[in-house]
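Since we're looking at a predicted model, the values are computed, not measured.
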Amino acid sequence: MSLNNSLVLFEEQEHIGIITLNRPNAANALSKKLLDELMHVCSLIASKATIRVVVLRSAGDKIFCAGADLKERAEMQEEEVFDAVKKISKTIETIAALPQPVIVEANGSAFGGGLELCLACDVRVFSEEAYYGLTETSLAIIPGAGGTQRLPRLIGEGRAKEMIYTSKRITGTIALSYGMCEYAVSAKDTSRITMDLAKQMASNGPLALRAAKHAMVTGRSLPLAEALDKEKEAYSSLLNTKDRLEGLLAFKEKRKASYQGH
């Protein structure tokens, strides 16, 4: 299946939903039209049981996403700017809320809202040579789509404050050392690493993938005892599934399990 819009491309391969930001001539900036198309694709993915893992990537090899479309924003009135910021935030929250694991392949640099988009994903694959940063304070604003909250949770409050206060841009290699990404590899290898990860995830039980994500996301802001209850609920939801029985049978028969999402 393939759904191709002008600014966002989508295709499904072997239970992997692949989203591609497709504005390479504008640094894949988050224009209103691109955000509308991205929301449409996310709505499709969220309701599609055959998609087990999502990959988010972009066209071009220099910039993954430069963030907000500043040329478009320069033409806006104050109220329109506020609405545009809300639209970016809502779209990034929609990415974060997808029930499937989301891997972002940021094979080029990501700044501002582009990095906030990466931070909303579950696993990040960066390029060693590219640069990443929340650069909003250099424009006399602050990250407004989750950056002030997600970055400290990933790399610690001190590092996050340093990056945001200075508008610092760091390489993928340094991002890895900070804990901002899970992989930092040569740009030519980001696609291979990302798809290998996606295929490995997609080979596991799809209901289990969703339940594991739900348990981690809902539990992370709770006291441990309450978070453990969330885990028990998620675990219990899998006990009566056909996939769980298939997993046990496949283990007993020493073969690869064939999960159907039931």
Side-chain angles (χ1 to χ4, degrees), residues 1-24 26 28-59 64-69 72 80 82-106 110 112-125 144-147 149-150 194-195 197-199 201-202 204-218 220 234 237 259-262:
M1 180 190 65
S2 177
L3 175 65
N4 292 323
N5 294 313
S6 58
L7 301 183
V8 176
L9 310 180
F10 172 71
E11 61 180 316
E12 184 178 349
Q13 296 180 10
E14 300 176 28
H15 300 296
I16 301 168
I18 303 173
I19 305 170
T20 304
L21 307 182
N22 190 38
R23 286 190 81 199
N28 295 305
L30 302 173
S31 67
K32 291 189 291 184
K33 186 173 187 297
L34 184 146
L35 291 167
D36 286 339
E37 292 184 8
L38 185 53
M39 284 287 284
H40 174 72
V41 168
C42 286
S43 177
L44 175 70
I45 289 172
S47 63
K48 198 162 176 52
T50 58
I51 297 175
R52 302 178 181 182
V53 180
V54 178
V55 167
L56 175 63
R57 63 188 185 188
S58 67
F64 166 72
C65 179
D69 188 332
E72 182 180 73
E80 292 177 300
F82 185 70
D83 289 341
V85 173
K86 286 200 301 183
K87 182 185 280 284
I88 292 177
S89 181
K90 182 178 179 181
T91 305
I92 289 176
E93 287 300 316
T94 300
I95 292 282
L98 284 173
Q100 304 95 332
V102 182
I103 307 169
V104 61
E105 179 201 343
L115 182 55
E116 288 177 303
L117 193 57
C118 295
L119 298 177
C121 298
D122 297 293
V123 177
R124 285 154 288 277
V125 179
Q149 304 305 308
R150 289 195 173 96
T194 300
M195 291 308 294
L197 277 169
K199 289 174 183 177
M201 292 180 191
N204 295 325
L207 297 179
L209 291 174
R210 292 179 180 229
K213 179 171 181 175
H214 178 75
M216 287 187 277
V217 169
T218 58
R220 65 187 170 198
S237 72
Y259 295 120
Q260 303 299 316
H262 302 296

Colleague: Search all heavy atoms of Gly144 against all heavy atoms of Glu116 and return the closest pair with its distance.
Modeller: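 Shortest heavy-atom contact: N-OE2, 3.4 Å.
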Colleague: Only counting residues at least two apart or in another chain, list the ones meeting salt bridge (Lys or Arg N to Asp or Glu O under 4.0 Å) with Arg210.
Modeller: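 Counting only residues at least two positions away or on another chain, Arg210 forms no salt bridge (Lys or Arg N to Asp or Glu O under 4.0 Å).
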Colleague: Find out whether Lys33 and Ser6 are in side-chain contact, i.e. whether some heavy atom of one side chain is under 4.5 Å from a heavy atom of the other.
Modeller: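 Side chain of Lys33 against side chain of Ser6, heavy atoms only: contact under 4.5 Å found.
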Colleague: Among all residues two or more places apart in sequence or in another chain, which pass the side chain to side chain donor-acceptor pair (under 3.5 Å) test with Gln100?
Modeller: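 Testing Gln100 for side chain to side chain donor-acceptor pair (under 3.5 Å), a comparison that skips the adjacent residues, returns none.
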Colleague: Kindly indicate whether the side chain of Thr194, heavy atoms from C-beta on, has any atom under 4.5 Å from the side chain of Arg57.
Modeller: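 They are not in contact (no side-chain heavy atoms under 4.5 Å apart), so the answer is no.
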Colleague: Roughly how far, to the nearest 0.5 Å, is CD of Glu105 from SG of Cys118?
Modeller: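 It comes to 10.5 Å.
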Colleague: Considering residues at least two apart in sequence or located in another chain, which fulfil the salt bridge (Lys or Arg N to Asp or Glu O under 4.0 Å) criterion with Arg52?
Modeller: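 For Arg52, no residue satisfies salt bridge (Lys or Arg N to Asp or Glu O under 4.0 Å) once neighbours in sequence are set aside.
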Colleague: Nearest heavy-atom pair of Ala202 and Ile16: which atoms, and what distance?
Modeller: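 What the structure gives for the nearest pair is CB-CG1, 4.2 Å.
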Colleague: Going from CG on Leu9 to OG on Ser58, what distance comes out if it is rounded to the nearest 0.5 angstrom?
Modeller: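 Interatomic distance, Leu9 CG to Ser58 OG, rounded to 0.5 Å: 10.5 Å.
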Colleague: Are Leu30 and Cys65 side-chain neighbours, meaning at least one heavy-atom pair lies under 4.5 Å?
Modeller: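 In contact.
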Colleague: Working to the nearest 0.5 Å, report the span between NZ of Lys48 and CD of Glu12.
Modeller: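 It is 5.0 Å, given to the nearest 0.5 Å.
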Colleague: For Ala59, what residues pass the side chain to side chain contact (heavy atoms under 4.5 Å, CB included) criterion, not counting sequence neighbours?
Modeller: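 Per chain and number, Ala59 pairs via side chain to side chain contact (heavy atoms under 4.5 Å, CB included) with Thr20, Asn22, Pro24.
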Colleague: Please tabulate, for side-chain N and O atoms in residues 82-97, each donor-acceptor pair with protein atoms closer than 3.5 Å (sequence neighbours left out).
Modeller:
residue, atom, partner, partner atom, Å
Lys87, NZ, Asp36, OD1, 2.7
Thr91, OG1, Lys87, O, 2.8
Glu93, OE1, Arg150, NH2, 3.4
Glu93, OE2, Arg150, NH1, 3.3
Glu93, OE2, Arg150, NH2, 2.9
Thr94, OG1, Lys90, O, 2.8

Colleague: Is the closest side-chain heavy-atom distance between Val8 and His40 below 4.5 Å?
Modeller: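 They are not in contact (no side-chain heavy atoms under 4.5 Å apart), so the answer is no.
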Colleague: Hey, does Leu21 have a side-chain heavy atom less than 4.5 Å from the side chain of Leu56?
Modeller: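 Answer yes - side chains close enough.
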Colleague: Please report the shortest heavy-atom distance between Ala198 and Val55, naming the atom on each side.
Modeller: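 For Ala198 versus Val55, the nearest heavy atoms are CB-CG2, 3.8 Å.
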Colleague: Given side chain to side chain contact (heavy atoms under 4.5 Å, CB included), test Asp69 with Arg23 step by step and report yes or no.
Modeller: CA-CA 11 Å; Asp69 188 332; Arg23 286 190 81 199; 2.9 Å; yes
Colleague: Report the residues that fulfil side chain to side chain donor-acceptor pair (under 3.5 Å) with Glu14, sequence neighbours left out, ordered by chain and then residue number.
Modeller: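 Side chain to side chain donor-acceptor pair (under 3.5 Å) list for Glu14, sorted by chain: empty.
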Colleague: Where do Gly114 and Phe64 come nearest, in terms of heavy atoms and distance?
Modeller: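 Shortest heavy-atom separation between Gly114 and Phe64 comes out as O-CE2, 3.8 Å.
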Colleague: What are the two closest non-hydrogen atoms of Leu98 and Val102, and how far apart are they?
Modeller: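 Nearest pair, atom of Leu98 first, then Val102: CD1-CG2, 4.0 Å.
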Colleague: Just so I know, are the side chains of Met216 and Asp122 near enough to count as touching, which here means a heavy-atom distance under 4.5 Å?
Modeller: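 Not in contact.
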Colleague: Looking at every non-hydrogen atom in both residues, tell me the closest pair between Ser237 and Ala211 and how far apart they are.
Modeller: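 In this case the closest contact between Ser237 and Ala211 is OG-CB, 4.4 Å.
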Colleague: Is His15 reaching over with its side chain to a backbone N or O of Thr50, donor-acceptor style, under 3.5 angstrom?
Modeller: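 Yes.
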